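As the structure is a computational prediction, the values presented were derived from the model and not from experiment. Residues take their numbers from the sequence shown, with the count starting at 1.
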Amino acid sequence: MACHVRTRDLNWQTPGRRSGTCKLNRCITGPALTPSCEMMVHIFFAVGPMFHRFDIYRKVPKDLTQPTYTGAIISVCCCLFILFLFLSELTGFITTEVVNELYVDDPDKDSGGKIDVSLNISLPNLHCELVGLDIQDEMGRHEVGHIDNSMKVPLNNGAGCRFEGQFSINKVPGNFHVSTHSATAQPQNPDMTHVIHKLSFGDTLQVQNVHGAFNALGGADRLTSNPLASHDYILKIVPTVYEDKSGKQRYSYQYTVANKEYVAYSHTGRIIPAIWFRYDLSPITVKYTERRQPLYRFITTICAIIGGTFTVAGILDSCIFTASEAWKKIQLGKMH
């Protein structure tokens, strides 16, 4: 049953014979008080006068405070400093952070032990019918003249060629090379000067905050090298995982590269140059993860900024005020 409030007078008297009358709000249900409502009223009026003593933020009347120019300057600087730190923390809170970690594992176990490769290379002094791609590895694969998912574009009125191809390699040490080995007739002096536009492994990552060696050979120019020289590019492939805020993962590969140039002769004494890409895989995986600062940490930092700044500013203002008052007393003492 609902309780209604009714006011009645309450007479009181202290041991010092002082007496008085106060208003008492009584909770009633209908024409009579219930025992529970009567008890609630007495408990409230017994505890209420003591409850305000728990206030740790005691109020000081304005008449008892003294404003100063120094305090005003410190207060303005304090507010500007808090605003600066707040905006800095807010920028960090709304900005996505990319953190990285290293671990030993094969991240892409669903790939079937394969790595996708994308190659784009120009040979301006070699005809397209002479250009071919060969693939070898330690699992016994030996493919000469790979043509699947590849394209040859004539350059310099047919005197040169740009080779573009997408293929897969096994996750074991091996090599793939651009050469004339698949041609029906070997040229006398093949010119293997070249420009590498792109060599990448796995998915293409277009992420602003990640600057890795995903296309380390992109832009490599060997047009001024010996036309009959072979080129060896030794690659160390590093598995890379990128995980966005939704938990979606993309698998790519970075690589380091070292190269050498030499003239190679066949068993018949002929010079048969080629462009070799010899690769091996690193057991270390690099993982990039998008993260955003938790809300509770942002609130904690803001509270620490406000509380710390006001505390330090209060101490500084108190020291300046105390020193100025002491100086005034010293000056008054000298006058007398």
Side-chain angles (χ1 to χ4, degrees), residues 2-28 37-99 208-209 245 290-336:
C3 291
H4 306 281
V5 177
R6 175 179 294 174
T7 303
R8 68 178 178 85
D9 293 338
L10 178 65
N11 298 322
W12 54 271
Q13 185 175 19
T14 65
R17 310 299 295 176
R18 297 179 59 188
S19 61
T21 304
C22 66
K23 297 293 184 181
L24 173 64
N25 291 331
R26 297 182 61 196
C27 180
I28 62 172
C37 289
E38 186 75 24
M39 183 178 296
M40 289 170 56
V41 171
H42 286 288
I43 291 175
F44 176 78
F45 280 100
V47 178
M50 295 185 297
F51 187 72
H52 71 279
R53 297 180 183 177
F54 293 99
D55 184 10
I56 61 176
Y57 303 101
R58 302 295 179 92
K59 308 303 182 295
V60 179
K62 289 187 177 180
D63 296 339
L64 301 180
T65 59
Q66 179 182 352
T68 61
Y69 288 106
T70 305
I73 295 174
I74 293 177
S75 298
V76 172
C77 294
C78 179
C79 292
L80 293 176
F81 183 68
I82 290 176
L83 179 62
F84 169 74
L85 293 182
F86 172 77
L87 294 177
S88 300
E89 287 296 325
L90 181 62
T91 302
F93 174 69
I94 62 179
T95 302
T96 301
E97 179 186 11
V98 178
V99 297
Q208 183 178 3
N209 297 328
K245 291 180 293 185
E290 289 185 352
R291 292 180 183 174
R292 179 168 289 178
Q293 183 180 357
L295 179 60
Y296 73 87
R297 185 176 298 175
F298 172 71
I299 295 176
T300 302
T301 305
I302 296 301
C303 292
I305 290 173
I306 296 175
T309 303
F310 273 117
T311 300
V312 174
I315 294 174
L316 181 62
D317 179 66
S318 178
C319 293
I320 295 175
F321 180 77
T322 302
S324 63
E325 291 297 315
W327 178 253
K328 289 180 182 179
K329 291 181 180 180
I330 293 174
Q331 294 298 320
L332 290 176
K334 289 181 179 179
M335 294 177 60
H336 293 290

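Partners of Lys328 according to the salt bridge (charged side-chain N to carboxylate O under 4.0 Å, His left out) rule, which considers only residues two or more places apart in sequence or in another chain, are Glu325.
Here the CG atom belonging to Leu85 is positioned 10.5 Å from the OG1 atom belonging to Thr301, to the nearest 0.5 angstrom. Rounding to the nearest 0.5 Å gives a distance of 5.0 Å between CZ of Phe310 and SG of Cys79. In this structure, OG1 in Thr309 is found 11.5 Å from CG in Leu80, a value given to the nearest 0.5 Å. The distance from the CZ atom of Phe298 to the CD1 atom of Ile94 is 9.0 Å, given to the nearest 0.5 Å. The structure places CD1 of Ile82 at 8.5 Å from CD1 of Ile305, a figure rounded to the nearest 0.5 Å. Taken from CG in Leu83 to OG in Ser88, the straight-line distance is 9.0 Å, to the nearest 0.5 Å.
Among pairs with a residue in residues 69-90, none fulfils salt bridge (Lys or Arg N to Asp or Glu O under 4.0 Å), at least two apart in sequence or across chains.
When all heavy atoms are compared, the tightest approach of Gln293 to Phe93 is O-CE1, 3.1 Å. Among all heavy-atom pairs drawn from Arg292 and Thr96, the shortest one is NH2-OG1, 3.4 Å. Between Asp317 and Gly71, the shortest heavy-atom distance links the atoms OD1-CA, 3.2 Å.
Looking at heavy atoms from C-beta onward, Ser318 lies in side-chain contact with Thr322 at the 4.5 angstrom threshold. Residues Thr68 and Ile320 form no side-chain contact, since every pair of their non-hydrogen atoms from C-beta on lies 4.5 Å or further apart.
Looking only at distances, a side-chain donor or acceptor of Thr300 sits under 3.5 Å from a matching main-chain atom of Tyr296.
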